Participant: 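Below you'll find the structure I mean.
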Protein chains: 2
Amino acid sequence: MKLTRKQEIIVIASKLFKEKGFQAVSMRDIAKAMGIKASSLYNHIQGKQEILSTLILEVAHEFTNGMNAVVSETLTPIQKIEKIIELHIDITVNYSEGLAALNNDWMHLEEENRKSYIKMRDDYEENFRSIIKEGIRDKSLTNNHPEVILFSILSTLRTLYLWYQKRGKLDENVLKKDMVAIMLQGIANH
Amino acid sequence: MKLTRKQEIIVIASKLFKEKGFQAVSMRDIAKAMGIKASSLYNHIQGKQEILSTLILEVAHEFTNGMNAVVSETLTPIQKIEKIIELHIDITVNYSEGLAALNNDWMHLEEENRKSYIKMRDDYEENFRSIIKEGIRDKSLTNNHPEVILFSILSTLRTLYLWYQKRGKLDENVLKKDMVAIMLQGIANH
DNA sequence: GTCTATACGATGATAGAC
DNA sequence: GTCTATCATCGTATAGAC
């Protein structure tokens, strides 16, 4: 699994982006972290934008593909939601830095890439919304406002990356089990 | 309620920060949005840092004061959690832009202010954590990992500002009711 | 693949006129 | 309170030597 020089740059840059944000990291910062000069970076990448778009679009495609897989399966709404929670946890574990860029720096993508990111995000949310509405209709989900349900789950899943590293000792499977339980059953004892 | 020139600057800057992030907004951008030149800003504020720290520390103090009030009351853990949810919704409604800066740009605070922000955030989380542990002990809360409970609730509450504006038609009280219900009882029908 | 040198626009901030 | 003029620095990026 040897990384190309280009991949190395993207890995290192993504860690800096996660810490300080895309705009606060200069090409000189990235170069310094790699032990080379800024001008040398341009032998491997076209520019700073390419790093950002590569990072974000890779993760966005993971979400899109994962959601498409969930939608095409024959499952109850609750089973679909469990699959989506798993999808987010998997992506958090495997693409933590890309996820940070996607969440915080998507607005710094250039026109074309920003448009396709927004399209993917909107489609993703629309699929999720449909699953929730289906669950409310067949009474497997509570009759709360669908948008509030969607937002509550999605906001937790989307910011998991902020928190997963810190308490990294926690086993991935314990996390899955607890998160599914909390979102579906809540935190109050009945 | 006439704003001082300084307050005007902070209000306008905070909107730009929310859209693009602190680092992506220049003093010239802020000045242009106010219809003056960048140099004129310095008659009212010391610099860009002052805008950021004013914004963030104001909101941080709101959280600290609100949490202190909750902790000092004699309430069950569940009642305390309900109060905290209300606190976040109130702050979201009244300090949407400051909240965005606090969430996304706290790392761009200078040394001293960053330290006091982090201290306030850590204290806040520690208070919340204690309430959750108390609830697990007295069996009013489910026996899930306290950190997972803390994170799940907090991540939803912290990113509410992203979502509240978009679907702004939603009444504040409906939102409170639904969010309390979803977090406490979950989204699955029992 | 990396370097040095350099272009050149944008940035935060200040001095001093009005 | 706002302006013009200016500064030093840093930003992304390119050209060409090694």
Side-chain angles (χ1 to χ4, degrees), chain A residues 1-57 97 101 104-114, chain B residues 1-57 97 101 104-114:
Chain A
M1 274 286 252
K2 194 156 170 301
L3 295 180
T4 64
R5 210 80 176 102
K6 178 172 175 174
Q7 288 172 318
E8 268 186 79
I9 292 171
I10 292 175
V11 168
I12 288 196
S14 69
K15 286 176 186 163
L16 296 175
F17 291 168
K18 186 180 177 184
E19 265 178 62
K20 310 207 273 176
F22 175 73
Q23 292 271 5
V25 175
S26 69
M27 294 299 272
R28 288 178 171 97
D29 292 333
I30 298 169
K32 192 172 234 172
M34 297 204 51
I36 59 176
K37 296 289 171 184
S39 56
S40 303
L41 293 172
Y42 292 87
N43 273 301
H44 309 283
I45 50 157
Q46 297 214 7
K48 206 183 168 190
Q49 263 295 319
E50 190 188 353
I51 304 178
L52 186 67
S53 57
T54 303
L55 260 174
I56 292 181
L57 293 181
E97 283 83 16
N104 304 318
D105 293 316
W106 63 267
M107 71 285 278
H108 299 123
L109 287 171
E110 277 168 356
E111 183 74 357
E112 279 309 298
N113 286 328
R114 190 171 61 244
Chain B
M1 272 284 253
K2 192 156 172 303
L3 295 180
T4 64
R5 209 82 176 100
K6 178 171 175 175
Q7 288 171 320
E8 269 186 79
I9 292 171
I10 292 176
V11 167
I12 288 197
S14 70
K15 286 177 186 163
L16 296 175
F17 291 168
K18 186 180 178 186
E19 263 179 64
K20 311 208 275 175
F22 175 73
Q23 293 270 2
V25 176
S26 71
M27 294 299 274
R28 286 170 174 86
D29 292 333
I30 299 169
K32 190 172 236 172
M34 297 204 50
I36 57 176
K37 297 289 171 185
S39 56
S40 303
L41 294 172
Y42 292 86
N43 273 301
H44 309 284
I45 51 158
Q46 298 215 4
K48 206 182 166 191
Q49 262 296 317
E50 192 188 352
I51 303 179
L52 187 67
S53 56
T54 304
L55 258 176
I56 292 182
L57 293 181
E97 282 83 18
N104 304 319
D105 293 316
W106 63 267
M107 71 287 274
H108 300 124
L109 287 171
E110 276 169 356
E111 184 74 359
E112 281 308 300
N113 286 328
R114 191 172 61 246

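Just so we're clear, the structure is a prediction, and the values are computed from it rather than from any experiment. All chains are named by letter (A, B, ...) in the order of the sequence lines, taking the proteins before the strands, and each is independently numbered beginning at 1.
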Participant: Calculate the interatomic distance between Lys37(B) atom NZ and dA17(C) atom C1'; express it in whole Å.
Facilitator: 16 Å

Participant: How many Å lie between OH on Tyr42(A) and C1' on dT6(C), as a whole number?
Facilitator: 14 Å

Participant: For the side chain of Arg5(B), counting heavy atoms from C-beta on, which of dC3(D), dC3(C), dG1(D) is nearest?
Facilitator: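 Looking only at heavy atoms from C-beta outward on Arg5(B), the closest nucleotide is dG1(D).
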
Participant: Using atom CG of Leu3(A) as one end and atom P of dG1(C) as the other, report the distance to the nearest whole Å.
Facilitator: 14 Å

Participant: Can you tell me the distance, in whole Å, between the NZ atom of Lys32(A) and the C1' atom of dG11(D)?
Facilitator: 15 Å

Participant: Got a second to check how far Leu41(B)'s CG is from Ile51(B)'s CD1, nearest 0.5 Å?
Facilitator: 6.5 Å

Participant: Could you work out, with side chain to side chain contact (heavy atoms under 4.5 Å, CB included) as the rule, every residue matching Arg114(A), not counting sequence neighbours?
Facilitator: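 If we apply the side chain to side chain contact (heavy atoms under 4.5 Å, CB included) test to Arg114(A), skipping adjacent residues, the hits are Trp106(A), Leu109(A), Glu111(A), Ile118(A).
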
Participant: Can you list the stems that include DNA chain D, where a stem is three or more consecutive Watson-Crick or G-U pairs with distances under 3.5 Å?
Facilitator: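 As far as DNA chain D goes, consecutive pairing (with distances under 3.5 Å) yields the stems C:1-18 with D:1-18.
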
Participant: What is the minimum heavy-atom distance between Ala33(A) and Leu16(A), and which atoms define it?
Facilitator: CB-CD1, 4.2 Å

Participant: In this structure, how many angstroms lie between the C1' atom of dA10(C) and the CD1 atom of Ile30(B), rounded?
Facilitator: 15 Å

Participant: Expressed as a whole number of angstroms, how long is the span from Ile45(A):CD1 to dT14(D):P?
Facilitator: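 For the pair Ile45(A) CD1 and dT14(D) P, the rounded distance is 11 Å.
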
Participant: Roughly how far, to the nearest 0.5 Å, is the CZ atom of Arg5(B) from the CE atom of Met34(B)?
Facilitator: 4.0 Å

Participant: Compare side-chain N and O positions of Ser40(B) against OP1 and OP2 of dC3(D) and report whether any pair is under 4.0 Å apart.
Facilitator: yes

Participant: Rounded to the nearest angstrom, tell me the gap between atom NE2 in His44(B) and atom C1' in dA13(C).
Facilitator: 15 Å

Participant: Send over the distance from Ile36(A) CD1 to dT4(C) P, rounded to a whole Å.
Facilitator: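 Distance, rounded to whole Å: 12 Å.
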
Participant: Go through the structure and list residues passing side chain to side chain contact (heavy atoms under 4.5 Å, CB included) with Glu50(B), not counting sequence neighbours.
Facilitator: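 Checked Glu50(B) against side chain to side chain contact (heavy atoms under 4.5 Å, CB included); matches are Lys6(B), Ile45(B), Gln46(B), Thr54(B).
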
Participant: Under the side-chain contact (heavy atoms from CB on, under 4.5 Å) rule, what do Ile56(A) and Asn113(A) come out as? Steps first, then yes or no, please.
Facilitator: CA-CA 9 Å; Ile56(A) 292 181; Asn113(A) 286 328; over 6 Å; no

Participant: Parallel, tilted or perpendicular: which describes the rings of Phe22(A) and His108(A), with under 30° parallel and over 60° perpendicular?
Facilitator: parallel

Participant: Would you say Ser39(A) places a side-chain N or O within less than 4.0 Å of OP1 or OP2 belonging to dC3(C)?
Facilitator: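 Negative; the distance criterion is not met.
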
Participant: Any residue in residues 13-29 of chain A with a heavy atom nearer than 4.0 angstrom to DNA chain D? Just list them by number, or reply none.
Facilitator: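 DNA chain D contact set from residues 13-29 of chain A: Val25(A), Ser26(A), Met27(A), Arg28(A).
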
Participant: Per the salt bridge (Lys or Arg N to Asp or Glu O under 4.0 Å) rule, what does the pair list look like for residues 21-43 of chain B, sequence neighbours excluded?
Facilitator: none

Participant: By side chain to side chain contact (heavy atoms under 4.5 Å, CB included), which residues pair with Lys15(A), not counting sequence neighbours?
Facilitator: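 Applying side chain to side chain contact (heavy atoms under 4.5 Å, CB included) to Lys15(A) gives Val11(A), Glu97(A).
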
